[in-house]
Amino acid sequence: MAAIARAEGFSVHAMTMSYGQRHAVEIEAAKRVAAGLGVADHILVDIPLAQWGGSALTADIAVPKGRDSAEMEANIPVTYVPARNTVFLSFALGYAEVIGARDIFAGMNQVDYSGYPDCRPEFVAAFENLANLATKAGVEGDRFRIHAPLMNMDKAQIIRRGEELGVDFAWTHSCYDPGPDGRACGECDSCLIRIRAFAELGRTDPVLA
């Protein structure tokens with residue numbers, strides 16, 4: 001997503017959320033991506049979503065493993081974090097208004113979205129409307145736009161596009177339940193979707209190689 005924003009001519013001001021997630025190793029991955037892409041700046045924000053939990057990513061709830069596509073699509077999974085993308089975009093909106101940015105990029109994807117309600121186009125459109133109702137800039141006509149360039153791409157398409165734009169996927173991390181050494185488990189929904197996408201392209205996920 002950041003590489004796409006950069007390719008479209010935007011100066012990227014990246015924001016990473018530390019929210020008490022069990023896969024906090026993704027924060028270090030975000031730093032690698034930001035450095036590799038040469039973003040304008042990169043800030044880390046602490047948001048204590050683990051204070052109330054409610055998700056396998058923020059509480060002592062088992063992360064599902066080894067599920068097939070039908071199981072993943074059956075129900076909203078326990079890895080759903082209540083209101084996460086609403087909270088994240090709200091922080092990004094405040095930061096954007098302060099620095100004079102009016103284009104906010106977010107990485108939601110509805111093709112392999114595991115049933116998350118805050119990864120749908122309807123959510124993005126509703127938040128954009130909210131952003132322009134709830135901010136000084138918006139009501140004065142300096143409108144915000146929420147971009148979700150990955151929304152309708154499958155994972156293989158995302159990988160292919162990222163590689164075209166110079167993303168090294170060895171920098172990245174997607175696992176919901178990494179080991180103590182930070183290595184991806186290879187069995188959670190996120191890992192399996194990613195592994196299948198690399199396999200579709202005829203190769204192995206570099207974080208598992």
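The residues of the chain are indexed from 1 along the displayed sequence.
The minimum heavy-atom distance linking G182 with H173 is given by the pair O-CE1, 3.8 Å. K155 and A197 make their closest contact through CB-CB, 3.4 Å (heavy atoms, listed as atom of the first residue, atom of the second, distance). Closest heavy-atom contact between A156 and L201: O-CD1, 3.8 Å. Of all the heavy atoms in P206 and F169, the pair that sits closest is CG-C, 3.8 Å. Taking both residues in full, the closest heavy atoms of I61 and G54 are given as CD1-C, 4.4 Å, listed atom of the first, atom of the second, then distance.
Between the side chain of S55 and the backbone N or O of Y80, at least one donor-acceptor pair lies under 3.5 Å. At distances below 3.5 Å, not a single donor-acceptor pair connects side-chain atoms of R6 with backbone N or O atoms of V39. Between the side chain of E97 and the backbone N or O of A137 there is at least one donor-acceptor pair closer than 3.5 Å. Remark: the backbone N or O of E128 is paired with a side-chain donor or acceptor of N132 at under 3.5 angstrom. With D205 contributing its side chain and V207 its backbone, the two residues share a donor-acceptor pair below 3.5 Å. Judged by distance alone, with hydrogens and angles left aside, the side-chain atoms of R120 form a donor-acceptor pair with the main-chain N or O of P117 at under 3.5 Å. One N or O on the side chain of S190 and one on the backbone of S174 form a donor-acceptor pair closer than 3.5 Å.
You'll find the side chain of Y116 reaches within 4.5 Å of the side chain of T79, heavy atoms only. In this structure the side chain of N109 reaches within 4.5 angstrom of the side chain of I158, judged on heavy atoms. A 4.5 Å side-chain heavy-atom check between L133 and V139 finds every atom pair outside the cut-off. The closest side-chain heavy-atom distance from T16 to I43 is not below 4.5 Å. Contact check for K65 versus V63: side-chain heavy atoms found under the 4.5 Å cut-off. Using a 4.5 Å heavy-atom threshold, the side chains of C185 and P178 count as separate. Within the 4.5 Å cutoff, side-chain heavy atoms of M15 are placed close to those of V45. E140 places none of its side-chain heavy atoms less than 4.5 Å from the side chain of T135.
Note that CE of M108 is 10.5 Å distant from CD of Q110, once rounded to the nearest 0.5 Å. Note that CE of M72 and CG of D189 are 4.0 Å apart. Values are rounded to the nearest 0.5 Å. Rounding to the nearest 0.5 Å gives a distance of 4.0 Å between CD1 of I47 and CZ of F91. One finds the OG atom of S69 at 9.5 Å from the CD atom of E71 (value rounded to the nearest 0.5 Å). Atom CG of residue L165 and atom CD1 of residue I4 lie 6.5 Å apart, to the nearest 0.5 angstrom. One finds the NE2 atom of H23 at 5.0 Å from the CG atom of L57 (value rounded to the nearest 0.5 Å).
A salt bridge is defined here as a Lys NZ or Arg NE, NH1 or NH2 lying under 4.0 Å from an Asp or Glu carboxylate O, and R203 with E163 meets this definition.
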Table please: side-chain donor-acceptor pairs of residues 142-151 below 3.5 Å, with sequence neighbours left out.
unit_1	atom_1	unit_2	atom_2	d
D142	OD2	R102	NE	3.0
D142	OD2	R102	NH2	3.3
H147	NE2	D103	OD1	2.6

Contacts table for residues 82-90: side-chain donor-acceptor under 3.5 angstrom, sequence neighbours left out:
unit_1	atom_1	unit_2	atom_2	d
R84	NH1	Y19	OH	2.7
N85	ND2	D118	O	2.8
S90	OG	T86	O	2.7

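M153 and V167 sit in two unconnected hydrophobic clusters of ILVMFWY residues. Membership requires side-chain heavy atoms under 4.5 Å apart, directly or through other members.
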Open item on the list: Pair D46, M17 - check side-chain contact (heavy atoms from CB on, under 4.5 Å), show working.
Closed with: CA-CA 6 Å; D46 289 311; M17 315 300 187; over 6 Å; no

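Within a 6.0 Å sphere centred on CG of D68, heavy atoms belonging to other residues, nucleotides or ligands number more than 12. The number of heavy atoms from other shown groups lying within 6.0 Å of CD (E122) is above 12.
Checking each of R194, R32, E26 against T172 for a side-chain hydrogen bond (donor to acceptor under 3.5 Å, both in side chains) leaves exactly one that passes, namely R194.
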